[in-house]
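First the structure, in the form of structure tokens, and then the observations on it.
Residues take their numbers from the sequence shown, with the count starting at 1. Basis for what follows: all heavy atoms, side chains included, without hydrogens, waters or symmetry-related copies.
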Amino acid sequence: MRGYCIAVQVVMSLAWLRHVPAFQVGRRIRASTLPPSQRLDSVALRPARMMQLMMSTKAKTDFSLKSIDWLQDNVVEVLNELYDPADVARGNVFAKLNKPKKKKKKKKGSEDENPAPEKPEMSESEKQALVDAAVAQAKPFDRMDAMVTPATRAEFGDYQVNAAMGLAKSLGMNPRECAQQIIDALKPRLETLMEEPEIAGPGFVNLRFQGAYLQQAVSAMAADANGRLAIPKASNPQRIVVDFSSPNIAKEMHVGHLRSTIIGDTLCNLLEFLGHDVVRLNHVGDWGTQFGMLVEHLRDEYPAALNKDTAESVDLGDLVLLYKAAKQRFDVDEDFKTRARGGVVKLQAGNPDEIVAWEALCTASRVEYQKIYDVLNIEGLVERGESFYNPYLNDVIEELEKLGLAAESDGATVVFLDGYTSRDGSPLPMIVRKSDGGFNYATTDLAAVRQRTCLASEESGEEADRVLYVTDAGQAQHFEMVFAVAKKAGFCPEKASLEHVPFGLVQGEDGKKFATRSGDTVKLKDLLNEAVRIAGADLRERNPDADEAFLKRVDNVSRIVGIGAVKYADLSMNRESNYRFSYDRMLSLNGNTAPYMLYAYARICGIIRKASGQGKTELVEWPESSDVIVSHPTEANLMRQLIKLPDVLNDVGRDLYPNKICDYLFETSQTFNQFYENCSVNNAETSELKASRLTLCTATAGTIRLLLQTLGIEVVQKL
């Protein structure tokens with residue numbers, strides 16, 4: 001039996017949930033029974049004290065959550081007000097010059113007959129030259145210099161500012177004195193949001209949000225539960241190209257394409273939410289030597305596909321079988337092989353018959369992989385295959401030769417880069433033009449970098465600030481070399497960032513290649529269909545007496561759970577790791593899985609539906625956001641967990657590891673469970689407290705909804 005439990009009616013199943021370990025609701029503990037160490041000052045349910053903790057809900061729509069980026073910017077401004085970067089640069093050089101030399105210890109019984117000569121002392125003029133150079137290159141402090149991090153432990157607060165120790169060393173100050181200067185300059189900026197800053201240890205500055213800010217923040221999140229949850233957009237939006245999915249024409253999509261598609265789509269969703277201008281680019285494999293083979297096979301088997309007037313009416317059937325048949329002929333028939341090679345030349349020269357056949361292949365392939373995209377709910381992809389860059393390839397070679405970066409090696413045109421060697425130790429070339437005059441992936445990728453970052457929009461360029469390549473880890477060296485050549489050749493501006501987003505392999509449960517029992521590659525559409533089938537079978541098995549309303553939506557729920565499980569299983573892993581594909585694990589309710597999170601969301605919707613008297617409605621109407629009252633430590637813990645959301649999203653936007661979203665989702669769900677175990681919503685002691693707890697429920701539900709949708713997973717309010 002699969003481990004996930006999907007009830008017919010969430011509301012009717014809350015009592016049953018006590019018996020499910022992942023959602024066990026234990027005895028509610030009154031705050032007054034807690035030991036003093038676990039209480040908040042506000043924990044006693046005294047109306048007067050509660051009223052003091054309540055925050056006005058005025059201007060909630062104007063409220064924006066604060067993030068670590070906001071704090072970093074404030075610290076940067078303070079550092080630039082207090083200290084001169086030139087003084088810090090000067091101090092760093094002096095510290096290195098005056099650093100005592102370490103004496104090398106001699107091993108007993110060993111005498112060095114030829115000791116290395118000691119380096120001569122630097123003259124004062126040489127030292128001054130180093131100082132002057134450092135001062136000349138000094139730049140204003142930036143976010144890296146601010147050294148703001150999340151607090152390492154909850155008792156230290158929410159954030160730490162660790163800049164004082166390094167600055168004090170460079171400026172010849174006491175670190176705690178430096179920390180105090182930073183605090184004094186920060187306090188006017190933070191006094192309405194942060195508690196009194198604390199200096200810890202040698203000079204760490206601990207910062208903690210005020211309770212009033214937490215209450216206002218969560219109330220604002222609940223008021224915007226169907227929207228952005230009061231998270232502001234990026235202050236400096238970028239144009240970002242994300243190159244992902246990239247299936248090959250006339251070939252079937254496999255599990256490698258699944259990882260690229262799921263990860264790439266999630267990153268696009270996230271970056272768009274953060275406010276960036278995102279181009280979802282599908283770099284399909286629609287060009288190359290294999291097309292000569294395919295076109296000639298069509299000429300023999302489907303001649304109408306080469307005629308512009310009849311090509312659209314030709315049914316090419318199973319493209320995979322067509323490709324295999326053409327490949328088999330190519331391997332055994334020398335005459336066909338010669339024709340195929342000639343077909344490539346004709347295609348590259350723009351011969352009309354070959355172009356028509358090629359377009360027919362591309363059209364038929366699009367129909368097939370669009371079916372996969374529809375199942376995965378992938379939208380907004382802009383197809384720009386390898387063929388798009390053909391007009392730019394000669395320019396790439398000419399520019400490399402003009403700059404003296406290209407060289408000839410065994411008849412091919414190559415680029416040699418420092419630090420890259422073959423297994424025998426010889427320099428490793430990056431081939432950009434083959435000995436037969438043809439181009440390869442490196443040439444196309446260099447042309448793509450140039451088009452995406454350098455060319456202006458009127459020249460069909462993207463003018464991107466950042467380009468992400470979501471491919472398997474096996475291509476890491478290829479992209480390292482392409483990026484290095486692109487930078488050296490000026491194909492990419494210095495301000496633009498080129499980033500490879502590698503991912504590991506999908507393996508079977510035995511840790512070996514993921515394949516069918518017969519050893520064949522698993523078809524992607526079969527894999528997805530099986531996940532949906534298993535989810536549907538479990539739904540029906542667990543609800544043998546389900547009513548008609550359930551039966552009407554069981555297929556849709558099965559699809560959401562099955563596809564969501566496949567996506568979440570991938571995204572919850574560090575993308576660089578290999579992961580073992582298991583239907584049992586991904587469809588389990590226990591642990592960090594999609595069914596667990598989907599049920600967590602539906603469960604909270606059920607709590608809200610019941611507590612606000614909405615009966616058995618299909619869609620929940622979110623209650624009006626209320627003032628938040630802290631009456632129990634778990635309420636404060638949940639608030640602190642929820643306000644981490646902007647930091648989590650910004651962190652993933654920078655580092656591109658979606659598993660951090662999954663980790664935060666699971667932690668948030670666990671924190672909510674602790675809150676719900678100790679704080680009754682429906683039977684709260686006062687109407688104000690009930691409204692407050694409903695606000696916490698709404699903010700939590702909105703958080704789960706937003707993050708699941710960012711992961712490309714649909715949600716339902718009743719399972």
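Around the NZ atom of Lys139, the shell of radius 6.0 Å holds no more than 12 heavy atoms that belong to other residues, nucleotides or ligands. Within a 6.0 Å radius of CD in Glu494, no more than 12 heavy atoms belonging to other residues, nucleotides or ligands are found.
Here the side chain of Asp184 pairs no donor or acceptor atom with the backbone of Gln181 at under 3.5 angstrom. At distances below 3.5 Å, at least one donor-acceptor pair connects side-chain atoms of Asp465 with backbone N or O atoms of Arg239. Side-chain atoms of Arg705 come within 3.5 Å of backbone N or O of Gly227 as a donor-acceptor pair.
Counting heavy atoms from C-beta outward, Arg228 and Lys233 have side chains that approach closer than 4.5 Å. With a 4.5 Å cut-off on side-chain heavy atoms, Leu281 and Arg452 count as touching. In this structure, Thr698 and Ser625 have side chains that are not in contact, with every pair of non-hydrogen atoms separated by 4.5 Å or more. Contact of the Leu656 side chain with the Arg575 side chain is registered, since non-hydrogen atoms from C-beta on lie closer than 4.5 Å. In this structure, the side chains of Ile231 and Phe273 come closer than 4.5 Å at one or more pairs of heavy atoms. Under the 4.5 Å side-chain criterion, counting only non-hydrogen atoms from C-beta, Arg640 is in contact with Arg208. Using a 4.5 Å heavy-atom threshold, the side chains of Leu694 and Ser626 count as separate. Considering only heavy atoms from C-beta on, Val205 comes within 4.5 Å of Ile183 through its side chain.
Checked against a 6.0 Å centroid threshold, the rings of Tyr213 and Phe63 count as neighbours. Aromatic ring centres of Tyr596 and Phe666 lie closer together than 6.0 Å.
Figure legend: Arg280 and Phe244 shown without cation-pi pairing, the cationic atom not lying both under 6.0 angstrom from the six-membered ring centre and within 45 degrees of its axis.
Taking CD of Gln215 as the start and CD1 of Ile643 as the end, the distance is 12.5 Å to the nearest 0.5 Å.
Considering Ile713, Thr266, Ile661 in turn, Thr266 is the only one that fulfils the side-chain contact (heavy atoms from CB on, under 4.5 Å) rule with Leu571.
A donor-acceptor pair shorter than 3.5 Å can be found between the side chains of Asn92 and Ser170.
Salt-bridge annotation for Arg466 and Glu499: present, with a side-chain N of the basic residue lying under 4.0 Å from a carboxylate O of the acidic one.
Note on ring orientation: taking the six-membered ring where Trp is involved, the planes of Phe483 and Phe479 are tilted (angle from 30° to 60°).
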